[in-house]
Amino acid sequence: MSEEQSSSVRDNPIQPVLPKPGNIEPEGDETLLASAAKLIRRFHTSGKLDDLEEAIKLMQEGIAKTSVQDPNFADILNNLANGLLTRFEYQGSEGADLDEAISLLRQVLKLRPPSNQNRAEFLNNLAAAVSILFEQRGDILDLDEAILLYRQAIQLTPPSHPYYASTLNNLAASFFARFEQQGDSQQGEISDLDEALSSHRQALKLRPPPHPYRSNSLNNLASALFTRFKQLGKGADLDEVISLHRKALELRLPPHTNRPQSLNNLANALEARSHCSLNNLASALFIRFEERGADLDLDEAISLYRRALEFTPSRHPDHATSLNNLANALFTRFESRGEGLDNRPISLNNLAYALSIRFEQQNNHSDLDEVISLHRQALNLTPPTYPEHASSLNNLANALFTKFKHQYGGSYLDEAILLHRQALELMPSVHPNRSKSLNNLANALRFRFKLQGEDLVLDEAISLDKQALELLPPSHPRRFITLGNLALHHIAAHKRLGADDTTHLQQSMSLFSQSLKSTQPPLERFYTARMWAENADLLQHSSALEAYEAALHVLPQLGALNLNIELRQKLLTRETDGIAREAAKYAIHIGQLGKSVEYLETGRGVFWSQFLRLRSPFDRLQQKNPKLGDDIRRIASELERGSHRDIPNSDSSNRQRLTLEEEAKYFEQLSKDWSETLDKIRKLEGFEDFLCPQSLSTLQTVAQQHPIVYLVANDDRGMRVESGSAYRSSSDLFRTVLEFLWDEAVKPVIDFMGFQKSDAPPMLKWCPTGLFTFLPIHAAGRYQEGLTDCASEYIISSYTPTIGVLLSPDPIPSPEKFKMLAVIQSRSLPSTVQELEKIEQYVSSEALIKFGVSGAPASVEAVASSLSAVSVDYEEAVPNGSLAFLSACETAKGDEKIPDEAMSLAASLLFSGFRSVVATMWKMWDTDGPVVADAFYKELFKGPDGVLVATRHH
């Protein structure tokens, strides 16, 4: 297949903007820049590099003598950059030319404002230069920048502009390059290929016959479609590819230099369309070989299977069939002749990799068995003398090790260790994968030690990991993995020797600490810190407190402020739940009760705490340092706004995608500015703890009026009802739960506080954690005929997700009259009409705003259907939100995976500024709504003397 078939061809990337000689110097005056311009024109005619070299030298001298204020200065920089890029393309090895050209083009953009008529050309030039930089060095970030620059150029270029189609073509080529760079293993990147197709189609429309570049556009569109066909196997794509190549061929008549490529591309497409025929013919030849034993039939079948496999990559629906056909034929030839199976282990390994991913997601053991089988086949296809043999050994060993961990079969582990040893023997000390191989063998040996308890096995594991560590420099991105593994091996050695051993224990904790100091992503850093904390806690090592604090410190980084809400929530669901509770329990165990409260505040409600930080009052800072006060206020406001931004999808237009990509870059920089500004503020006297997690003394101020009680379970497992437990009815189960809560949690608190039964009981705020967040603490008690002892007789219970949310300052009294918004959905919940009627008995019509009823400004459905078109200002909290009454199902229920993050509707209203929220933990019947509302609002609007207070007086 030709190179042109597999990639998009760029148009001439650099667009020189040559200043007119009359604008540079007096006509006829042989100045430096005028001479350079002549040499450039002569070079383009003659192709002599000496002319180009002299022109570059003259332009560099001329620029040194030209003022930045000169109106032609940016154009001269652009032309020098053009000359340097041309020399780079001719000579190829001078990377300095490319770097200098890019630097000059960046200066040009700074000198030319968005309103400049040539800005689009400059953007296109810089994009092309950065694209070349990507081709030279392979940094995907350069390609991302090129795409962004091309998008900006397109926005500034009208479709009638002569460069518009070229810019579209170059943008498409960049998308195509990014797709190829990231590979077909990342399914989500197929959108880059779709973007390339879309841009190529637009460019083609702008190049009608007899446009000189029309054949290029036809070929580029065909190439991109052919790639998509190979990925997805859509016959319609292949039909269009053939049609486009035919049209390109008509425009490339002899003696056109690209006609041979067009002929070859068309032939490849026609062959691809016949891949089913290839398989069928190969199968027929294979059957004939089995019947007659003719070697030529088998050889031809293998050749045809290979050609068919070329057109069925991993995403193709027939890929597995083609792979199996070829593998079977190769094995047959090996069995019949004893020949090597040469060429297919990579395909086998790729399929095995895909199946291993599916196994991790679905836990289907038949997939894992097939992975092992495929890796065995790949290993048999790779002779020991091949460089890939070590990788095949390693792949099979890892698959067997996974099988062992899921089924605990000792034979799988033994074979995995044997294969890892063989792989290691094939990797000399300079081999780039030797450290990985050492790690793999060490981990397998640690598990053998767990099974058999042989001291020598564990000693060897420790020795192997130490060797791996010596091969990794301090900055190596995988060093933290080796440090963590070595720490686990020392823990195993400590457990072997018992409590008297301190050497291995101390060494393991030191290694965990070193691992945290190594370069690693925030999520991996959290896992390392949590592993350290859990082991230090279990083994009663003094570093447990430091480890827990390290894990809690990472949590805010998982939900970085530059991410939108959806991405933050996804990251916070990854095994982060429980770390705050474990840290608090450890602090309680060692007698540091204040620390336990601080840990519960730091490690819970992380998502919401970030919002509270963004909404913090900065008045005291404003007085101390007005500039930093203005900066932090502005950044906080922008970050909060950015939390609610959209993310691109397949339907996003070019303008939308450009906007969203620019926003993402902008908010990433804002997040850095936020951290840097905080560092500056904390250097001010008296602001050392600015926006740090709240100290115990600050949290205690909230409890001066009413006590606040944290509920932390010793063991969440003890709070779950076993699936086999038998209860006579749901009421029986519910009564048991309430009695458990009363005996184990609520009554001990009441006794400790010295509360007595009262007609005017005091208020107590519960701050539940873990599974307590799903339980009715306020209803705890023993309910028996003639004998009731329950929480409501002693206290008035309320809940708070964190203490921090109670630290929000009291709202400034509003001069506006009392207002209340009532929203009902009568179509699906007919009783809400009666519920509204109950409310109207207590709230005057002047104060009540109604939605969802006849005569209202709009229906609930109409408002909901228009939400996507509504611009909502999230920069300020609800300034005067006093009370929200949520008469609906499960409005106080959070996410079971992350109960401490308070992901409920009720919590969201609290954190948005409402002072109080009434919500439901479970489902409720529609008919119960009016009864509950009547009782609630009747009590709410009673005055001190028990007489109803009219709201119009408020």
Restricting to non-hydrogen atoms, name the atom on [X] and the atom on [Y] that form the minimum distance, rounded to 0.1 Å.
| X | Y | value |
| --- | --- | --- |
| L379 | S392 | CD1-CB, 3.7 Å |
| A583 | L552 | CB-CD1, 4.1 Å |
| S518 | R525 | O-NH2, 3.2 Å |
| L516 | A550 | CD1-CB, 3.6 Å |
| I803 | Y710 | CD1-CE1, 3.7 Å |
| S435 | L472 | OG-CD2, 3.6 Å |

Could you measure the distance from the [atom1] atom of [X] to the [atom2] atom of [Y]? Nearest 0.5 Å is fine.
| X | Y | atom1 | atom2 | answer |
| --- | --- | --- | --- | --- |
| L368 | Y412 | CG | OH | 8.5 Å |
| H541 | T502 | NE2 | OG1 | 9.0 Å |
| H490 | D501 | NE2 | CG | 10.0 Å |
| L445 | L464 | CG | CG | 6.0 Å |
| E601 | L696 | CD | CG | 10.5 Å |
| N398 | H375 | CG | NE2 | 8.0 Å |

Under a 4.5 Å cut-off applied to non-hydrogen side-chain atoms, are [X] and [Y] in contact?
| X | Y | value |
| --- | --- | --- |
| L497 | T503 | no |
| K403 | L413 | no |
| F526 | I579 | yes |
| S515 | R479 | no |
| L458 | R448 | no |
| Y599 | R581 | no |
| V712 | L600 | yes |

Sequence-distant partners of K595, salt bridge (charged side-chain N to carboxylate O under 4.0 Å, His left out), two or more places apart: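 In terms of salt bridge (charged side-chain N to carboxylate O under 4.0 Å, His left out), with neighbours along the sequence ignored, K595 is linked to E549.
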Test your reading of the model: is there a side-chain donor-acceptor pair from [X] to the backbone of [Y], 3.5 Å cut-off?
| X | Y | answer |
| --- | --- | --- |
| T677 | D673 | yes |
| S596 | L593 | yes |
| R446 | H489 | no |
| K585 | N714 | yes |
| T602 | E598 | yes |
| T382 | H389 | no |
| D537 | A533 | no |
| T528 | E524 | yes |

Walk me through whether F175 and L193 qualify under side chain to side chain contact (heavy atoms under 4.5 Å, CB included). CA-CA 6 Å; F175 274 121; L193 185 56; over 6 Å; no
Quick one: list whatever passes side chain to side chain contact (heavy atoms under 4.5 Å, CB included) with L539, sequence neighbours left out.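 Result, side chain to side chain contact (heavy atoms under 4.5 Å, CB included) vs L539: I491, H494, K495, L505, M509.
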For W532 and S543, what are the C-alpha separation, side-chain angles and deciding distance, and is it a side chain to side chain donor-acceptor pair (under 3.5 Å)? CA-CA 9 Å; W532 177 16; S543 67; 3.1 Å; yes
Working for salt bridge (charged side-chain N to carboxylate O under 4.0 Å, His left out), residues K680 and D631: CA-CA 11 Å; K680 294 177 183 177; D631 288 346; over 6 Å; no
F449 and D455: side chain to side chain contact (heavy atoms under 4.5 Å, CB included), yes or no, with the steps? CA-CA 7 Å; F449 169 75; D455 291 351; 4.1 Å; yes
With E534 via side-chain hydrogen bond (donor to acceptor under 3.5 Å, both in side chains) - residues at least two apart: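 E534 satisfies side-chain hydrogen bond (donor to acceptor under 3.5 Å, both in side chains) with R530 once adjacent residues are dropped.
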Should N394 and N440 be marked as a side chain to side chain contact (heavy atoms under 4.5 Å, CB included) after you check the CA-CA gap, both sets of side-chain angles, and the distance that decides it? CA-CA 8 Å; N394 185 68; N440 290 339; 2.7 Å; yes
Would F512 and L483 count as a side chain to side chain contact (heavy atoms under 4.5 Å, CB included) here? Give the steps. CA-CA 7 Å; F512 276 131; L483 285 165; over 6 Å; no
Are R421 and E460 within salt-bridge range, i.e. N to O under 4.0 Å?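 Salt bridge between R421 and E460, a charged N being under 4.0 Å from a carboxylate O: yes.
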Is E415 salt-bridged to R376, going by a charged N under 4.0 Å from an acidic O?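 Counted as a salt bridge, because a side-chain N and a carboxylate O are separated by less than 4.0 Å.
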Carefully, step by step, assess N439 and T482 under the rule side chain to side chain donor-acceptor pair (under 3.5 Å). CA-CA 7 Å; N439 266 327; T482 303; 2.8 Å; yes
Counting only heavy atoms from other residues, nucleotides and ligands, does the tally under 6.0 Å from CD of E454 exceed 12?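 Yes - once you tally the heavy atoms of other residues, nucleotides and ligands closer than 6.0 Å, there are more than 12.
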CG/L456: more than 12 non-hydrogen atoms of other groups inside 6.0 Å: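 No - once you tally the heavy atoms of other residues, nucleotides and ligands closer than 6.0 Å, there are 12 at most.
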In terms of ring plane angle, is the pair F401 and F404 parallel, tilted or perpendicular, where the classes change at 30° and 60°?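 Rings of F401 and F404: parallel, under 30°.
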Parallel, tilted or perpendicular: which fits the ring planes of Y586 and Y548, with parallel below 30° and perpendicular above 60°?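 Tilted.
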Using the salt bridge (charged side-chain N to carboxylate O under 4.0 Å, His left out) rule, take R178 and D142 through it: C-alpha gap first, then chi angles, then the decisive distance, then the call. CA-CA 10 Å; R178 189 163 74 179; D142 291 329; over 6 Å; no
